[in-house]
Each structure stands twice: as structure tokens, then as C-alpha cells.
Asker: 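Can you keep this structure in mind? I'll have questions shortly.
In what follows, every chain begins at residue 1, and chains take the letters A, B, ... in the order their sequences are listed. This structure is a prediction, so every number in the text was calculated from the model and none was measured. What's counted below: heavy atoms across the whole structure, side chains too, no hydrogens, waters or symmetry copies.
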Amino acid sequence: MFAYPSGDLHIGHWYAMTPPDTRARFMRMRGYNVFFPIGHDAFGLPAENAAIKRSIHPKEWTYANIERMDKQLRMMGNSFDWRAELITADPEYYRWTQWWFLQFLEAGLAYQRMSPVDFCPSCNTTLAREQVQGEDRHCERCETPVIRKDLKQWFFRTTAYAEELLDYSQLDWPEHVKTLQRKWIGKSEGANVVFHTEAGDPIEVFTTRPDTLWGVSFMVLSPEHPLVAKVTTDAQRAEVEAYQIQAKNQSDMQRESTDREKTGVFTGGYAVNPASGEHIPIWIADYVLMSYGSGAIMAVPAHDQRDFEFARAFELPIKIVIQPEGLELPAPEEMTESVQASGAMVNSGPLTGTPAEESFETALAYVEEHGIGERAVNYRLHDWLVSRQRYWGAPIPVIYCSSCGTVPAPEDQLPVLRPDDVEWLPTGESPLKLHPDWRFVSCPKCGGQAERETDTMDTFMCSSWYHLRYLSPHYNEGPFDPDAFRYWMPVDTYTGGIEHATMHLIYTRFFHKAARDIGVLTGDEPMLQLRNQGMVLGEDGEKMSKSRGNVIAPDELVARYGADTVRAYLIFFSRWQMGGPWSSTGIEGNARWLRRVWYMFQEPAEEGATEQTLRALRRKAHQTLKSITWDFENFEFNTIVSSLMELLNEMARAKNAGAWGSDAWNEAVRLYLLMMAPVTPHIAEELWQKLGYGYSVHQQAWPEVDEEACVEDKITLVVQINGKLRDRIMLSPGFSDEQARATALSSPVIQEALEGKTIRKVIVVPGKLVNVVI
RNA sequence: GCCGAAGUGGCGGAACAGGCAGACGCGCACGACUCAAAAUCGUGUACCCUCGGGUAUGUGGGUUCGAUUCCCACCUUCGGCACCA
């Protein structure tokens, strides 16, 4: 478990942590040694925002929050191992975050290049995406429109692992998380094809449709493409440059949106289609992103919808080169959309007539034979930008020397401490740049004058390896103790919100694989089993927020109901994977449940139940144990509490019928407390001791199901006619299909309904159901 | 816009490999206890109805003896979209 110290503990924290805690406790009772750690992801933007707003040092704000949240975390009654608590903002931790950076640098997995940031010219500061708001992309603080500024920044080569990241064979992860990651990584197979401008400059494009090469009627470059200036004619220059400026300040998401009118500008330049030899105009348009592929595309309007819309908007030619079988295609000028269906190649020079199923490979072979391109795989995944122009993060441990260039900070000098006495208010520079003592150092190589990198690291860096630090949070010889690694890793069960699917969970997998290849650790994956919780919404069904005034504060609930009731309600009110709206009347039901348990187990009653009552009680107790065991294993927490409630209702009936004092009653009570223990640990322990079982319920083994006790005396045979329920017949278990069929057909209700009808078929579901088809 | 998830009574939800839709809880109604109230306990609670049944799991189709469950299309809501974590 890993909490961001944002202030007070939120009900969402409880939801993320308590159901997994019940499972951790359950697994311990089943005999596993469960490590359930807690820590704080303490660097990041909110600390700086709060600091600016309240004029308080980010460090002071963060550590005060941690202190408060630790107290609140202890109120949850979770079985955290506090000995392993860690804080990523501690030098003891970020020393090793920096160490990882140096390993990646040495392994060639870290590099620098120019990359744009969002910048507010009025606040004079780099902005995070979430600080940029609205269609016009303005600064959240001062509403000034944001500009894009190019800075030299550090990247990790996540793309080097794109292919391996697509392999989930070792993982028990939810299908939709894997799907999200696959889409995020975005593998496409095709070809890199080289066009040339009329002046002879090569323009490489990536295409997934080499079979449409003869249908290319124009090219589109990203407005940032390096060749734009060169191909633009003087007549078009003013228009092109104006468009470049406009495109620059749009987000990629805005630019990729397919429901906008296509915009673009003709550069005046032409390129030559390497297949057909045709001369085609070169345009620039913002729907082509520099960050994907080569930043240039060959446009095939007849067979690509975005290209089609662009061609229509600017009256560019459309040429059909794929003829789907049996489909009458309109003339290009009458088309209303591109033709996506596969088909034989037409109007394609030497490849005309190639059938659909061969077109991709044949076209690819043609491209390679003629030396105009080659087979290529492209990924949507970017390299990971790790530089942040911020104060509250781990400094990137690099020194720039005028003679030696980029020099890693020597390992024995880690951590590169983040100085406390800086101006952390926005100034337009990385705050660390304004700290002269800190910034200027001597070069570790030549001893000459040098300066430190003043950017800090993305906090995703801290959270990519925290599970390793939990193993040995105070270990000094390395980021983790290898013995502990061998004992515990990989993480067996990892839980978190679905919002982490594509970022944190890709970063941490990349990190692990990179660390494996560097030789620091073993294994291919950091976390084997993943499960996601949903979100607790406000009583109005909306996301909780201070501005909506629908925030539920767990502290007040604990004061009013106690931690056990809050825990029980949280796992009861909805499916954990789903989440849902809070209900302040709903929690009353769980408070009532615990009060009922308390009195029912302790207040004596009349004795003398029938054998039948006791057998029914025992049956229900063991059936409940069976289903709860399944539920814990499968993260189906809400039915754990409802099953316990059902059992309690059965126990109330049995107690009224004189079960008190019987062996069956005592067994049911004992099982009940053991089953409650993971969910409501405090009240279970209290009752366990009051009833004389000693210390402690939490050290007991999970009980065994008595399968024989679970067997029903009577089974309801459901009889349907044409799939509609017509009768229910009570039978002793163990009847054959033939008996079921005979019994069903001889039922008076069925006989009456079948009067004068012909039976076409009788379907028997063994031990359950008979369906008569007429 | 793209990607993902979800739509079941007045409400939250259950139905574990396609086989009794609505477990459990909330709310509500009635009753018991009480001078009274709260708490507690008990009973009932999808809709329509000619009391035999009929209709119901976002909408429309499909597969099947049988669909909340599988397939297709659509609608609505929620989450993510790379510098929030």
C-alpha cells in the first residue's frame, strides 16, 4: 500500500486498503506469511501547489501530512507492517532512486533530447497537464494562454521494451488492464517507405497499408517536421509559419480528435511517389503528430478516413486502389467516406490484380525489392520523459562540465541532496537553479568548474520501485537486500485503482525489466496478480470533491461507529471492483449487524432444539464457510458480509428454536468469529476472548469446510415448459436424470399444461432442472 | 475524439461454467414491546392482472430448449489519454 500524503486520509484510501487487508488477514489464517507494507509517495506537484498557496515549505507540508495520515491509517485496523514504512522524499530513499537513474544512464537507457513543455508566460513556470485548462489551454492560476517551450530533457528508453511489455503470459491481470496497455503500447506492423522531395530530400513515412502505395495523392508533414522550412515555397511561407505557431499550442489530444474540421496548409513543395513516380503536393496538418512514427504520412484518401476528410476539405485528388469483392464503388468525386474493406489491388501498376489476402505481403516485398523502404514495426508508446522543472522531487544526479560534458554524479556521493533553503515559488527557472551553492560544483572527473542538473525526477520514478525498497527500507548496501528479494519477490498480489493501468503499471514493468537486464535483479515481472478497486462516490452518486460538498470523512465515521463498522460497510456496499455511491443510512445496517452479533452470541436462551434444527444450523454454517472462502480468494468482498448476515439470520432462527448451548451452536459461533476476524478484527477478538477462546482469534487457522454437513436434505427440481417456470418439486438428493424426467412429467401441474400438446423434446440439467419443449 | 468499464425493484447490490431474476442490506408499511418515543424484535414490500396467469435485468436485433449471463448495433453514465498520483 502506498499513499500520497495529500492531507487527510480520504474514504478512498480506506477503500483501496481495507478490503485488501481483509484478504491479507485471510491469507495469514490460511498459513501464508503475508507482507502487507505501507508507505508514502511523498514527492510531487501537490506539495508545491499547497506550498505556494499557503506559504509553507513543501517539506514541512508533506511531513506534517504524513504524521497526521499515519495516525489516521492506524485507525483503520489494518495489519500493516509499520516496521517497513518508507517515505520517498527521505534522502535514505531517494538516494536509491538516483542510483537507479545512474544505472539506467550507464546502461544506455537514459538519454537527453529537446522536448516541449507547457509553459505559462505570466507565472513564468512549467505547467503540468492538469494545470492547463480549457479548449484554449490556459493556466489554471492566472488564465494566461499556455505556450509550448522546447527544453533539453532526460528520457528513458521505454520503447526498447515495447515488444516485451506486450507479453502478459506470466501475469494474472484483469483482461481490460491488459487491453488498455496493449492499446497504449499501440503496436502496428507495416513499412517505412522513403519518398523524396523534388529537391531530393528523403521523407520517411510509416504506413500500415503498403498495399495502398499507388493511391497516395499527397503527403502530410507534422507542422514541427524538420523539412517543413525547406520544402515551403516563398509564396506559402507566411501561411505555413502562421499555421505552425497555431498548431504548436494545441495539445496532442486536441490535434488527434477525429470530429474536428481538418485544417492544414499547402507548403508549395512536391514529393515523388517512389512507386508510381507521380508528383504529389506536400501539406502540413496538425493531425499528423511528430511524436508518432516519423512525423510524416503518405495520404491515401480513398482508404483512410482522416486522409479522406482532409482531401475533401482541400479538394485534393482521391484515387481508388483497393476493390473489395462484390462491392460497387462510387466514383471518387461521389464518395462520402473512405473504403476500409479489404480487397484486390487495382490501379497499382505492376501489382494490379493482387488479391486481398496477399496484398500486404506482396506490396511489402515490392517495396523492399525496389529499395524504397523496408518492413517496420511502429509503437504508439513514447520514451518516458523523466525531467521535471520542479523543486519537490529527487534531483537528477548528473553534472555538466564544460570540458568533460555530461558526468554522472559518483555513486559514493549519493544522495545528491535536495537543498531545503531555496526559492520554491515559481520564477521561470527550476528552483534549484537559483541556489548558487548547490548548483555550482567541481567536476568529479577533471575537478574543473561544473554545474548540476537542476531538474528533478518524475515521481513515477519513485513509485516504480518502492515495492523493492519495502523489503529492506534501511538497507545501506544497495536499493534492496538481495536475500529479502529472493524470499519475497515478485509481488504476489498488487491492488490499486484502474487509473494506474497505463502509466504506473507500464513504468514499473519497464523498470523491472530494465533492472533485470542491467543485472540488478531477476525475474521478468514485478507483480504477478493484479486486481483493481473501484471508486467510492458521494451520496449524490458524483465523484467526491470539496467543491461539491459531498466528501465523506472517515474520521467522523470511526468516531461514530468504530472502525469495524466502517470496514464492514466498505466491503459490503458494492462490488469492490466496481465501487459506487456512499450511503449514510446504509452504514446503519452494518452497525446493526455487529450489534446483533454482539448480543446474540452472548445472551443465553432456552435450550432443547430438534435434531433437524441443529442439522440445518450446521449446514448453513459450513455452506457459509465454503462460499466465504471462495469469495476471499476471488476478491468478492461484498458477498462475504452478506453471507455472514444470512448465517446470522439462520442462527437467530436456530436460537429461537432452542439451539443455544448445543454443539452445533457453539461450532457455528466459533466459525462465525473466525470468518469475521479478517473483516471486523476488533469485535471478533473481543468476542473470541469473552467466549473463552483465549488469545488470539487472529492466530487461528482458517477452518476446514465439512462437505458432508453442507449437503442439502432436499433439492428443488425446477420444471419448465419452453423455458418458463411451471413447477417446483422437492426431491431427495442423488436422483438420476431419468427419475427427474419422470417426476417432472408426472407432476399434476405439468400434466395439465401438457394436455393435448405434443412433447418435442425434454432437456434435463442433472440434479437441477427439467425443461419440456412443446 | 480515441481507449476502457458499467447500466438489474424506491435505493446499494446478488445470481461463482447459459438453467428458479431480485440473495443480503437500506428505505418504506404494518404489528409487538413502551405512558410515549428511540432502540430492539416480528411480518410484508418489482410491475400489471380477469387471481389463472402475464410483463420485467438501458434500447433494438440475433444465437439457444432456455439469455442478467454469449454475439451485433445503438443510447446513457463513469474512468484514462503520457508533467496529478
Asker: Would you please say whether a donor-acceptor pair under 3.5 Å links the side chains of A:Q181 and A:T502?
Answerer: no

Asker: Charged N to carboxylate O under 4.0 angstrom, A:E650 versus A:R653?
Answerer: yes

Asker: Quick one: does NZ or CZ of A:R157 land under 6.0 Å from the six-membered ring centre of A:Y111, within 45 degrees of the ring axis?
Answerer: yes

Asker: Separation of A:L769 atom CG from B:A67 atom C1', in whole Å?
Answerer: 14 Å

Asker: Is the Lys NZ or Arg CZ of A:R148 less than 6.0 Å from the centre of A:F119's six-membered ring, within 45° of the axis?
Answerer: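 That pair does not qualify as a cation-pi contact.
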
Asker: Around A:E752, counting heavy atoms of other residues, nucleotides and ligands shown, do more than 12 lie under 6.0 Å from its CD?
Answerer: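 Counting other residues, nucleotides and ligands, CD of A:E752 stays at 12 neighbours or fewer.
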
Asker: Does A:Q720 contact B:C20 through a side-chain donor or acceptor facing the base, at a distance under 3.5 Å?
Answerer: no

Asker: Kindly say if A:R388 contacts the phosphate of B:C83, meaning a side-chain N or O under 4.0 Å from OP1 or OP2.
Answerer: yes

Asker: Under a 4.0 Å N-O cut-off, is there an ion pair linking A:R531 with A:D172?
Answerer: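 A:D172 and A:R531: salt-bridged.
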
Asker: Within this structure, what is the CD-to-P distance between A:E542 and B:G79, rounded to whole angstrom?
Answerer: 9 Å

Asker: So does A:R380 get a side-chain nitrogen or oxygen closer than 4.0 Å to the phosphate oxygens (OP1/OP2) of B:C2?
Answerer: no

Asker: Please measure how far the P atom in B:G10 lies from the corresponding atom in B:C48, and state the result in whole Å.
Answerer: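 Taking atom P in both B:G10 and B:C48, they lie 10 Å apart.
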
Asker: I need the single residue from A:W582, A:W593, A:F637, A:Y561 that forms a ring pair (Phe, Tyr, Trp, His ring centres under 6.0 Å) with A:Y569. Which is it?
Answerer: A:W582

Asker: As a quick check of understanding, evaluate side-chain hydrogen bond (donor to acceptor under 3.5 Å, both in side chains) for A:N378 and A:S188, giving each step before the final call.
Answerer: CA-CA 5 Å; A:N378 208 10; A:S188 25; 5.5 Å; no

Asker: With A:F632, which residues qualify under ring-ring contact (aromatic ring centres under 6.0 Å, His included), at least two apart?
Answerer: A:F26, A:W702

Asker: Provide, to the nearest angstrom, the distance between the NE2 atom belonging to A:H504 and the C1' atom belonging to B:A82.
Answerer: 15 Å

Asker: Taking B:G54 as the reference, what is the distance to B:G58 when you measure between their P atoms (whole Å, please)?
Answerer: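 Taking atom P in both B:G58 and B:G54, they lie 22 Å apart.
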
Asker: What string of B, S and - do you get for nucleotides 4-15 of chain B, 5' to 3', when a contact is any protein heavy atom under 4.0 Å?
Answerer: SSS-----BSS-

Asker: When rounded to the nearest Å, what value does the distance between C1' atoms of B:A17 and B:G13 take?
Answerer: 23 Å

Asker: If I pick the C1' atom on B:A14 and the same atom on B:U64, what distance separates them, to the nearest angstrom?
Answerer: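 Going atom to atom, C1' in each nucleotide, I get 25 Å.
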
Asker: Please state how far atom CG in A:L731 lies from atom C1' in B:C20, giving the value in whole angstrom units.
Answerer: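 From A:L731 CG to B:C20 C1': 15 Å.
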
Asker: Using atom CH2 of A:W184 as one end and atom P of B:G80 as the other, report the distance to the nearest whole Å.
Answerer: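 In whole Å, B:G80 P lies 12 Å from A:W184 CH2.
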
Asker: Mind calculating the distance between CD (A:E499) and C1' (B:A82) to the nearest angstrom?
Answerer: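 It works out to 15 Å between those atoms.
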
Asker: For B:U40, does OP1 or OP2 lie under 4.0 Å from any side-chain N or O of A:R592?
Answerer: yes

Asker: Rounding to an integer number of angstrom, what distance separates B:C84 and B:U68 when you compare their P atoms?
Answerer: 44 Å

Asker: Once ring-ring contact (aromatic ring centres under 6.0 Å, His included) is applied, do any residues pair with A:F156, and if so which ones, sequence neighbours excluded?
Answerer: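 Here the qualifying residues are A:F101, A:F104, A:W384.
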
Asker: Nearest nucleotide by nearest heavy atom, which residue falls closer to the 5' end of RNA chain B, A:E646 or A:I763?
Answerer: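 Counting from the 5' end, the first nearest nucleotide belongs to A:E646.
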
Asker: With 3.5 Å as the limit, what N/O pairs link the protein to nucleotides 48-54 of chain B?
Answerer:
{"unit_1": "B:G54", "atom_1": "OP1", "unit_2": "A:R726", "atom_2": "NH2", "d": "3.1"}

Asker: Expressed as a whole number of angstroms, how long is the span from A:N771:CG to B:C65:P?
Answerer: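 Rounding to the nearest Å, CG of A:N771 and P of B:C65 are 10 Å apart.
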
Asker: Quick one: which of A:Y507, A:F43, A:F510 gives a ring pair (Phe, Tyr, Trp, His ring centres under 6.0 Å) with A:F460?
Answerer: A:Y507

Asker: Once Watson-Crick and G-U wobble pairs under 3.5 Å are found, how is RNA chain B written in dot-bracket notation, 5' to 3', with | for any base paired to another strand?
Answerer: (((((((..(((......[....)))((((((.......))))))(((....)))..(((((..]....))))))))))))....

Asker: Just N and O in the side chain of A:K768: are any of them under 4.0 Å from OP1 or OP2 of B:G19?
Answerer: no

Asker: Output the rounded distance in Å from NE2 (A:H500) to P (B:A82).
Answerer: 16 Å

Asker: Does the Lys NZ or Arg CZ of A:R182 fall within the cation-pi geometry relative to A:W173 - under 6.0 Å from the ring centre and within 45° of the axis?
Answerer: no

Asker: Can you list the residues that meet the ring-ring contact (aromatic ring centres under 6.0 Å, His included) rule with A:Y466, with sequence neighbours excluded?
Answerer: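 Residues passing ring-ring contact (aromatic ring centres under 6.0 Å, His included) with A:Y466: A:F2, A:Y470.
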
